[in-house]
Structure formats: structure tokens, C-alpha cells
Protein chains: 2
Amino acid sequence: MTLVSQASESCADCPIRHRAVCARCEPEELDELDGIKYYRSFEAGQTIIWSGDMMNFVGSVVSGVATLTQTMEDGRTQMVGLLLPSDFVGRPGREGAAYNVVATTDLVMCCFRKKPFEELMARTPHIAVRLLEMTLDELDAAREWMLVLGRKTAREKIASLLSIIARRDASLTSRGQGGPMVFDLPLTREAMADYLGLTLETVSRQMSALKKDGVIHLEGKRHVTVPDIGRLMEEAGDDSDGGFLV
Amino acid sequence: MTLVSQASESCADCPIRHRAVCARCEPEELDELDGIKYYRSFEAGQTIIWSGDMMNFVGSVVSGVATLTQTMEDGRTQMVGLLLPSDFVGRPGREGAAYNVVATTDLVMCCFRKKPFEELMARTPHIAVRLLEMTLDELDAAREWMLVLGRKTAREKIASLLSIIARRDASLTSRGQGGPMVFDLPLTREAMADYLGLTLETVSRQMSALKKDGVIHLEGKRHVTVPDIGRLMEEAGDDSDGGFLV
DNA sequence: CGGCAAATTGAGGGAAATCAATCCAGGTGG
DNA sequence: CCACCTGGATTGATTTCCCTCAATTTGCCG
């Protein structure tokens, strides 16, 4: 069920104002965006966009988590992106959607009809430049993930995913680093498997193994505590103090 | 050995004029680019950029082939991109290089010093828009490759790589489709393995298997004939007549 | 002809997939 | 309140595909 809500929230109060595609906008540019934007809510599990569908809007994730997936005819599925708050959805200058976009939690999107957005983008370089910047970041993330998919073991893959989620979560809640990191997995075991190019059984086994070895603690199936992020990053095969800040 | 050559070739005669980052430029914009560009030649096997190095230039591949690779401390390497004529190298707005760039054939690049290029980009929206377009295409390619790495079998991986090279080669030489496709592999077996997340032995075995099954013909180690591209794409697990034009 | 790097082919082992049987938490209804 | 159901998750047994180690083979250049 798609709901239209929060019809007239101001951009100024927006939680993703400084990270989304509108981050670089001047006040008057923001007013323009404000005029053409609308909010849509999706429930957990709901498909936002079907691959191949006509795309008549683009937008930003305001809250919640969504996944980008590709599927072969025989059903094999690969997740190709994880969309978190402030991430951009849709591709200006292209008609059809290339991937399925599915909400994995309840989710709110800030949408723009594609045509007006493209026209606005042609007039306001701040949006195009910001979008280029975000696209380059996504490209880096995709390439990082190619290394994970192509060359890492199952255990390293799980550790890589956990460390990415842990660090991204920390950058949102911005708690002081050093102490244990605590977060909830936004994905089922099956979704994790689709992200990592594994089966859900292997995901489950490696989660249990990391737990047994004290690399992580689990409460229930989703609640994760990482006592030592450096240890987790070693397990991921990353240089633990390879200090480039994302 | 780095050679500076072709010092004053005109952009108007450039073989990649209509496909590279300058594709959208007006004549006067092109004049500006013409003023700050210079050519560099590299020999097969030569490293163009080391990961982590300071990048003081960006540019386009004019002729030849280069690879983008990522390496783990223990030596495992994953190719994350294949650079063909007209592809862009470097990331505006970032200091250090994220990947190794290696010429796999003799190669010529059209370079711009980074600072002047960035300034020019800020002034001329045609360059920024074109670069966004190219980056989005690369992102699509990277995500397509994630499916290959995460979910395809060794045989499907090889078939996928061959079909991509075959089609891209055909789009350059633009011969009529339907007949057999003939091309030279620009990669060693080891480079293919690094691209596909396999070992070079597995690459060799699967090449032999595809040859035995008549999907491809081989003359020497590099010269490939594809009698039926549809058959090859079936082997790749792609919808053989899934007709979206690249 | 010998020397060398790239490639092929073979034998054996191992990591992850597959097939299958529980387990568990949460929700429903008797 | 407890039995029952359901979907996600865990654990176990077996298989398979690909990796590893190792021996040739091929093509090329001096």
C-alpha cells in the first residue's frame, strides 16, 4: 500500500538536507526543489520499482533501507546496491529502470517527477555536480564490492558486510569511536546471501562461526554487537588501520 | 618508458572525439580543452597509475587497452574495470588514485592537468554533464559485473567476458551483425582470471571446453572467432535476444 | 637450438552449494 | 493460556565445482 504523507514538510528541517542530492543547493534552488517534491511511504517488503518499468520519478531515501537487485531468468539474484538515507534513486536521462528496488524496512522517499527534475538539473549546476559526486562514490563502492564478490572467502564476505554496515551506522548516529559498536541488521539472511553471492545456509554458518569466535555477539537474529571493529576488519581482509575515511 | 608525442594533433581529427568526455563540447569549449591537453604513450605492461599515488592528471584513452585493478595485502587481485578507447581515467575532486591502472597493450592517452581541467569543468556544464553520463554508464557496467562475479558459473563467466568483448569490438569496427564475429583478446589468461574472480587454470579449462563444444574457435591463444553470438550469450546466461542496445 | 613465459592438462583436495531436517519467535485462534 | 501454524534461521550430511599443486606443452625470441 502506497501512502502519500508529510505533504508539506520543509526542506530546511530535512534530516538528509546536507547529504542528499540537494546538499549543495543555494536557498533559492532549494525553494524550486521544494516546489516540485512530494513524499511517498512504503512498507517493509514492498517493491518500489520493477526492473524494466518506465521510471517517471527520481528521489532520495529519507528514512529506511532499500535494496537494488538484478535477477537472471532462472531466479539467481544478486544485490547490486544498498540504499540508505540520503541515497539517490533513479537515473536522469534514462527511461526504463535497470533494477528492482525493494524496501526492506518501512521507508520514506522524497520524490521528484523526472521531467521537471531534469529541467531543473540542466539549469542548476549545483545539483548536477552533487549528483556526479554521489555517482562517483557509488562507483567506488561498487568496485570495492567487486573485490568482495570475486576474491573473498565466505567468512571474509560476512565480515566485510558487517563492517560496512557498522561503520555506516556509526557515521549516521555519530557516536564516539573506540567502544563497542551496536546495530540492527537491516537485512534477512537471504538478503545478505544475495548481497554476498552466497547461499543463506552459508551466511548462517559463517555468522555462527564469527559468533563462536567472539568476533561478534548476537542477541536474537538481528541485533549485533561488535566488541572490536579492528578485529572485524582484519577478518574482512581489510587493512585494519588502513585509514582512509569514508 | 613514457614518451610525449603527437604534440599538436587537432581535436577535430580525434578518433574518440564523439565518444569521450569532450563529446558534448561546443567548438569554443573544445578550443579550451585543446589548449591544455597533451598526449602520453605507454608500452604494453607499463603501469600508468599506482593505487594511492597522487593524481595530477586526468584523461581519456585514445587507443589501446588498460585495466583497473585492486589488490589485497596477500596478493589477491581483482580487476574492477577495463578501459577502452574513449574511456575516462581519473577522478575529479579526489587527490589519490584508488586503483592500479595498467596498460595491457601499447596505449595512447589524451591527458589534462587536473587543476585546469577541474576549473574548466566548473565553467562548462557540457563537460560535467557528459562526465556524469559516462560515470552512470560505468556504474551500470560495474553492477552488471557484480552479477557475473556473484552468481555465474566459471563457464558462464568466460562466456560473459567473451560476449562483452565481442560486442564492444563490433561497436568499434561496426561491421554488419549476423555473421561470425572475429577479434583478438586484449587480455592474458591471468588477466581474464583477475577480471572473472577465477584462477588462470580454470579460465584455460573453460576456454578449452567452449572450444570443444564449438561455441568459439581459437587460432593461437588470442585470436577468437564466434560463429554464433546468440549461442555465446545463451552460454553466458543472458537472454540471447534481450534487446537493449548498449 | 636452448631458454623462457604463457598456456594447457591432470590429479587430488577443500570450500561452499545442495538437500534435508529441525529449531525458534511471533502471531492466531480455539 | 496454550496448541498450532508460519516464515526465518540454524544445523547436519553429502555432493560438486573450482582451487591448488604439479607436470607438460606451445610459441616466441635471442
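Order of the sequence lines fixes the chain letters, A, B, ..., with proteins taken first and strands second; residue numbering starts at 1 for each chain.
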From [atom1] of [X] over to [atom2] of [N], roughly how many Å is that when rounded to an integer?
{"X": "A:K157", "N": "C:dA17", "atom1": "NZ", "atom2": "P", "answer": "7 Å"}
{"X": "A:E190", "N": "C:dT18", "atom1": "CD", "atom2": "P", "answer": "13 Å"}
{"X": "A:R222", "N": "C:dG26", "atom1": "CZ", "atom2": "P", "answer": "12 Å"}
{"X": "A:L187", "N": "D:dG7", "atom1": "CG", "atom2": "C1'", "answer": "17 Å"}
{"X": "B:L185", "N": "C:dA6", "atom1": "CG", "atom2": "C1'", "answer": "13 Å"}
{"X": "A:E219", "N": "D:dA9", "atom1": "CD", "atom2": "P", "answer": "17 Å"}
{"X": "A:M207", "N": "C:dC23", "atom1": "CE", "atom2": "C1'", "answer": "17 Å"}
{"X": "B:M192", "N": "C:dT8", "atom1": "CE", "atom2": "C1'", "answer": "14 Å"}

In terms of the nearest nucleotide of DNA chain C, which residue is placed more toward the 5' end: B:R151 or A:K221?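 Closer to the 5' end of DNA chain C: B:R151.
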Counting the atoms with a prime plus P, OP1 and OP2 as sugar-phosphate, which does A:G45 contact under 4.0 Å by heavy atoms, base, sugar-phosphate, or nothing? nothing
Look at all strands and tell whether A:T188 reaches a base, only sugar-phosphate, or nothing, counting heavy atoms closer than 4.0 Å. sugar-phosphate
Would you call [X] and [Y] a salt bridge, using N to O less than 4.0 angstrom?
{"X": "B:R91", "Y": "A:D140", "result": "yes"}
{"X": "B:D213", "Y": "B:R155", "result": "yes"}
{"X": "A:R76", "Y": "A:D194", "result": "no"}

Spell out yes or no: do the side chain of B:R205 and the base of C:dG10 have one donor N/O and one acceptor N/O closer than 3.5 Å? yes
Using only modelled atom types and a 3.5 angstrom limit, is any donor from either the side chain of B:R189 or the base of C:dT9 paired with an acceptor on the other? no
I want to check a possible cation-pi pair here: A:R40 against A:F57, using under 6.0 Å from ring centre and within 45° of the ring axis as the test. yes
Answer yes or no: are there more than 12 heavy-atom neighbours, outside B:E190 itself, under 6.0 Å from its atom CD? no
Just to confirm, is there a sub-4.0 Å distance from OP1 or OP2 of C:dA17 to any side-chain nitrogen or oxygen of A:T199?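 Yes.
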Taking only side-chain N and O atoms of B:T202, does any of them lie within less than 4.0 angstrom of OP1 or OP2 on D:dC19? yes
Can you identify which nucleotide, out of [options], has its nearest atom closest to the [X] side chain?
{"X": "A:S208", "options": "C:dT9, D:dC19, D:dT11", "result": "D:dT11"}
{"X": "A:L200", "options": "D:dT10, C:dA7, C:dT8", "result": "D:dT10"}
{"X": "B:A154", "options": "D:dT10, C:dT8, D:dC18", "result": "D:dC18"}

Which is more 5' along DNA chain D, the nucleotide nearest A:L218 or the one nearest B:E201? Just name the residue. A:L218
